[in-house]
Number of protein chains: 2
Amino acid sequence: MVGSCPPVAIIALTRGKPMLQFGMMLKTLGVPMTDQNESYILDDQVGFLLRLAYQRHIALFMEQMTGGLTPPQFSTLYRLREAVEPISQNALGRLVGMDAATTKGVVARLLSRDLIRVEKDGGDRRRYTLFITDAGRQLLDAVMADVKGISEATLEPLAPQERAQFLALLKRLI
Amino acid sequence: MVGSCPPVAIIALTRGKPMLQFGMMLKTLGVPMTDQNESYILDDQVGFLLRLAYQRHIALFMEQMTGGLTPPQFSTLYRLREAVEPISQNALGRLVGMDAATTKGVVARLLSRDLIRVEKDGGDRRRYTLFITDAGRQLLDAVMADVKGISEATLEPLAPQERAQFLALLKRLI
DNA sequence: GAAATATTGTTTGTATGCAAATGATTTTGC
DNA sequence: GCAAAATCATTTGCATACAAACAATATTTC
């Protein structure tokens, strides 16, 4: 099942803004007012919408991903295969937009499934260099169709031209 | 400090796609190929971008929010004040796009700060009806300027017209 | 070359977020 | 009216995610 809390239909449900009438009244009466309760509609705020959109994407991802990978796990594995030169754990995490603490957990789970492996760096004794395994490559190959479908499904409500437009704008917000 | 992992500058860093050349070679040679490794650029995928954009928003939120509220906590408190009729914990959570388990924690933290209070529902003995307290209303009033600035800051890279465009598209992805 | 600084990886604590299971209660279907 | 289904709230387990602190090692600065 997708989820127990469909945000879409419910969001527009309780849009009543009881404070607004009060605000108008104050304004009409010439009473000093902060004006801060007006013109703030939660359903129109970027952060609120980004959270819901990302949640929907994750739901689609977990539905359609057959390889048992989460979005960060897939991104990490994919980035590791892309890497031309040996890469450390922290550096890989940064390429995926994760901090060191988060990366630690993601890498541990990929390691436990033997999708990646570690080697001690000879030059820098702090570093563990990461490598993707054959099993990791095979899993990636196997799920590429899934992840393409997931991107498709996430953008499905938009027309092709709108998708490109949306992605272009979204990139600039990062 | 904003965060220890600036995704922006780093993302475009390791774009090398070693597999592509191999794919091209196979194609040229007429070897059957799955074509699944081609044309997938992680930095162009909605889910990847949504995650990073939401992370950036959260960083801005925690920087500029003076009231010690997280995004879900603010949304929950704001929605509770909006509510015209008495509302149960689960119902409030759904209005904010949170499942019951998540809502439990958020509500607990708002309760511990006395920003909301509970009453046992007389009619339905399973329900706890939630109410915002005076302290909760005061805090909301106090942070409205913050959250408006946060929305502004999140959309700052876009021109005014682009912001409206982006929000319209984003809404359709929920 | 020694001191200051930075980086790598780890750990702990806190906060979402979902799945799945549970018990209590209410509503629905017949 | 009664069994089945749904709902409310809770709990447990797992997976991001960030802040802050830490030890070990490298690099920079002078």
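These figures come from a predicted structure and were not determined experimentally. Chain identifiers are assigned alphabetically (A, B, ...) following the order of the sequence lines, protein sequences preceding nucleic acid strands; residue numbering begins at 1 within each chain.
Rounded to whole Å, atom C1' of C/dG17 lies 18 Å from atom CZ of A/Arg56. Following rounding to the nearest Å, B/Phe61 (CZ) and D/dA17 (P) show an atom-to-atom distance of 18 Å. For the pair A/Asp99 CG and C/dG13 P, the interatomic distance rounds to 17 Å; values are reported in whole Å. In this structure, B/Leu50 places its CG atom 16 Å from C1' of D/dT16, rounding to the nearest Å. In this structure, CZ of A/Arg51 is placed 15 Å from C1' of D/dA17, rounded to the nearest angstrom. Counting to the nearest Å, the P atom of C/dT16 and the CZ atom of B/Phe74 are 14 Å from each other. Summarising the geometry, the separation between CD1 on B/Ile58 and C1' on C/dT14 is reported as 14 Å, rounded to the nearest angstrom. Put simply, CD on B/Gln73 is 8 Å from C1' on C/dA15, counting in whole angstrom units.
Taking the side-chain contact (heavy atoms from CB on, under 4.5 Å) definition, one finds that B/Asp124 meets it with B/Asp121, B/Arg126, B/Arg127, sequence neighbours left out. Partners of A/Arg125 by side-chain contact (heavy atoms from CB on, under 4.5 Å), not counting sequence neighbours: none found. Scored by the side chain to side chain donor-acceptor pair (under 3.5 Å) test, A/Asp146 finds A/Thr66 as partners (sequence neighbours excluded). A/Thr76 meets the side chain to side chain donor-acceptor pair (under 3.5 Å) test with no other residue; sequence neighbours excluded. With sequence neighbours excluded, the residues that form a ring pair (Phe, Tyr, Trp, His ring centres under 6.0 Å) with B/Phe74 are A/Tyr40, B/Tyr78.
No continuous path of ILVMFWY side-chain contacts below 4.5 Å connects B/Phe131 to B/Leu115, so the two sit in separate hydrophobic clusters.
Checking D/dC8, C/dG17, D/dA17 against every side-chain atom of B/Gln55, the shortest atom distance belongs to D/dA17.
An end-to-end axis angle of 40° holds for the helix from C/dG1-D/dC30 to C/dC30-D/dG1, taken from five base pairs per end and rounded to 10°.
Contact between the side-chain N/O atoms of B/Thr102 and the OP1/OP2 oxygens of C/dA15 is not found at any separation under 4.0 Å. B/Gln89 has a side-chain polar atom (N or O) that falls below the 4.0 Å cut-off from OP1 or OP2 of D/dT10. Contact check, A/Thr70 against D/dT16: a side-chain N or O comes under 4.0 Å of OP1 or OP2. In this model, the phosphate group of C/dG9 is not approached by any side-chain N or O of A/Thr103 to a distance below 4.0 Å at OP1 or OP2. Within the structure, every side-chain polar atom (N or O) of B/Arg109 is placed at least 4.0 Å from both OP1 and OP2 of C/dT14.
A heavy-atom distance below 4.0 Å to DNA chain C is reached by these residues of residues 115-128 of chain A, ordered by number: A/Arg126, A/Arg127, A/Tyr128.
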Please output the side-chain donor-acceptor pairs of residues 155-170 of chain B that fall under 3.5 Å, not counting sequence neighbours, one pair per line with the distance.
unit_1, atom_1, unit_2, atom_2, d
B/Glu162, OE1, A/Arg172, NH1, 3.4
B/Glu162, OE1, A/Arg172, NH2, 3.0
B/Glu162, OE1, B/Ala159, N, 2.8
B/Glu162, OE2, A/Arg172, NH1, 2.8
B/Arg163, NE, B/Leu155, O, 3.2
B/Arg163, NE, B/Leu158, O, 2.6
B/Arg163, NH1, B/Glu152, OE2, 2.6
B/Arg163, NH2, B/Glu156, O, 3.4
B/Arg163, NH2, B/Leu158, O, 2.9

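The stretch residues 103-112 of chain A participates, sequence neighbours left out, in no side chain to side chain donor-acceptor pair (under 3.5 Å) pair at all.
Here the closest heavy-atom approach between residue A/Leu69 and residue A/Leu139 is recorded as CD1-CD2, 3.8 Å.
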